[in-house]
Amino acid sequence: MIDLKIVREDPERVRASQRARGEDPAIVDQLLSADERRRGAEVAFGALRNEQRELGKLIGPLQGQLKRATDDHRAGVQAEIDALMSGASDLSNRVKLAESDRDTADLETAALVAKLSNLIDPGAPMGGEDDFVVLEHVGTPRDFAAEGITVRDHVELGEILGAIDIERGAKVSGSRFYYLTGVGALLELALVNHAIAMAGLNGFIPIIPPALVKPAAMEGTGFLGQAAENVYRLEADDMYLVGTAEVPLAAYHSDEILEIDSLPRRYVGYSPCFRREAGSHGKDTRGIFRVHWFDKVEMFTYCAPEDALDEHQRLLGWERQFLDSLEVPYRVIDVASGDLGSSAARKFDIEAWIPSQERYREVTSTSNCTEFQARRLRVRLRDSDGVRPLATLNGTLVAITRTIVTLFENHQQADGSVYVPLALRPYLGGREFLVPV
RNA sequence: GGAGGAUUCGCCUAGUGGCCUAGGGCGCACGCUUGGAAAGCGUGUUGGGGGCAACCCCUCAGGGGUUCAAAUCCCCUAUCCUCCGCCA
């Protein structure tokens with residue numbers, strides 16, 4: 001959630017952000033009026049409750065006296081108590097009413113503030129999905145025609161190599177499921193080991209988190225808003241399957257206060273990711289580019305808000321370092337305001353070249369969520385000035401399926417074998433090529 | 001799945017309806033003391049909301065209830081521990 005103080009002091013900034021996202025700016029004004037009611041109700045309740053407590057302070061000691069009093073004083077003390085008690089019941093009722101008003105106003109305000117998406121970073125390009133800005137191209141797509149190679153897509157290569165079994169994935173689990181077999185399975189383990197080793201060198205603490213979480217974790221990370229239809233929910237247990245390790249990693253420190261000296265804290269999580277892909281019927285139906293489940297290695301940082309911009313660049317840098325090590329061509333884009341998730345203030349995607357599609361497609365993504373998730377999850381930092389929210393950021397190191405697509409297609413040879421980038425060889429028994437089975 | 005027990009300010013703990021609307025110890029911070037340190041002494045030390053301010057309210061795992069008044073009594077839930085059963 002965003003800071004209510006900002007809504008109060010600079011509502012136009014919040015409205016502008018909502019508009020840039022293509023979301024409702026009117027929530028801001030509903031929120032302002034709810035907040036005013038909330039503060040009024042708070043004052044009214046506080047005053048009544050204070051009155052009640054003062055009364056209690058008078059009655060308490062008298063009750064003590066009554067217990068110790070001799071018979072001739074008892075009647076007098078009792079009379080004093082009765083006098084104080086005479087209005088107490090009525091006061092108690094008024095306290096309860098005021099409390100319930102306050103609670104109602106609190107809930108209204110909280111519900112409205114929860115509807116607001118994060119304030120977008122002024123640096124983000126304005127516009128919709130297609131209004132991204134290309135920041136950089138790295139590497140050059142191979143000219144397969146010049147090499148005399150007819151491009152095979154990853155499905156075909158996966159079959160030739162005995163690496164991907166889509167038919168049986170569909171038989172057992174339905175559409176958008178697959179088995180990784182043989183070198184496919186080995187390749188996942190290699191990618192994961194490579195990614196986590198690299199992250200370890202960069203100061204990340206490896207974590208294998210739970211992939212099934214309670215509603216609070218899902219809500220806190222902002223996935224139950226616009227993205228709710230893409231989340232798997234287990235009705236019988238009121239639990240959710242995570243769509244990314246970002247969820248359990250963000251909730252890891254929920255309700256905690258982290259000392260400023262311990263920041264930044266960098267975690268690298270390896271988890272399965274589950275996505276319903278509602279609303280993407282007919283999109284990327286071939287192969288394993290868009291699936292209901294895949295495994296992913298994700299970076300996650302907790303840092304001071306003032307360090308978030310720099311950290312975002314570092315995360316992007318580490319993503320690039322990883323892509324570089326795979327020796328594939330890619331470009332970096334600055335995602336436009338209308339295409340940001342509700343938690344992100346700014347987002348950079350790395351899109352790798354996919355030869356069979358002859359275009360760049362998203363393989364990793366890094367978001368600066370500023371204080372948005374931290375406020376929802378009550379993760380704060382303590383420095384010499386006290387306690388305040390911190391910033392959270394996340395970035396993909398490797399999303400297995402899309403990375404396999406990228407590797408297979410870019411590194412394919414005329415005979416259907418696939419070149420193994422140098423960085424992965426130590427994790428694949430020194431193989432230079434994956435060869436047809 | 002069944003039966004017990006636990007949950008209080010970072011840690012330990014006092015507290016069984018009103019002089020506890022939360023006390024003490026440890027730790028930590030600052031000060032005094034000292035040539036310096038330790039010890040000792042003193043002061044401070046949960047978080048949140050509201051108010052121009054003085055200051056007020058909430059917060060004893062969470063939620064309901066009883067009461068003029070709840071850490072304390074009742075109900076529900078969560079988590080942890082022990083034992084039994086079941087499974088790997």
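All chains are named by letter (A, B, ...) in the order of the sequence lines, taking the proteins before the strands, and each is independently numbered beginning at 1. Keep in mind that this is a model prediction, so the values were computed, not measured.
- Straight-line distance from the CG atom of A:Asp255 to the P atom of B:G10: 13 Å, rounded to whole Å.
- The side chain to side chain contact (heavy atoms under 4.5 Å, CB included) test with A:Arg346 is passed by exactly one of A:Asp334, A:Thr370, A:Ile120: A:Asp334.
- Along RNA chain B, the nucleotide nearest A:Glu51 and the nucleotide nearest A:Val387 are compared for position; the residue whose nucleotide lies closer to the 5' end is A:Val387.
- Here A:Arg53 reaches the OP1 or OP2 of B:C58: one of its side-chain N or O atoms lies under 4.0 Å away.
- The base-pairing partner of B:G40, taking Watson-Crick or G-U wobble contacts with both distances under 3.5 Å, is B:C32.
- Geometrically, A:Arg102 engages A:Phe45 in a cation-pi contact, judged by NZ or CZ lying under 6.0 Å from the ring centre and within 45° of the ring axis.
- Sequence order on RNA chain B of the closest nucleotides to A:Arg39 and A:Ser92 puts A:Arg39 first from the 5' end.
- At a threshold of 4.0 angstrom between heavy atoms, the contacts of A:Arg378 with the nucleic acid are absent.
- Pairing of B:A6, defined by two Watson-Crick or G-U wobble distances under 3.5 Å, is identified with B:U79.
- Within 4.0 Å of A:Arg102, counting heavy atoms only, lies no atom of the nucleic acid at all.
- Salt-bridge annotation for A:Glu42 and A:Arg39: absent, with no side-chain N of the basic residue lying under 4.0 Å from a carboxylate O of the acidic one.
- Counting non-hydrogen atoms of other residues, nucleotides and ligands closer than 6.0 Å to CD of A:Glu256 gives a total above 12.
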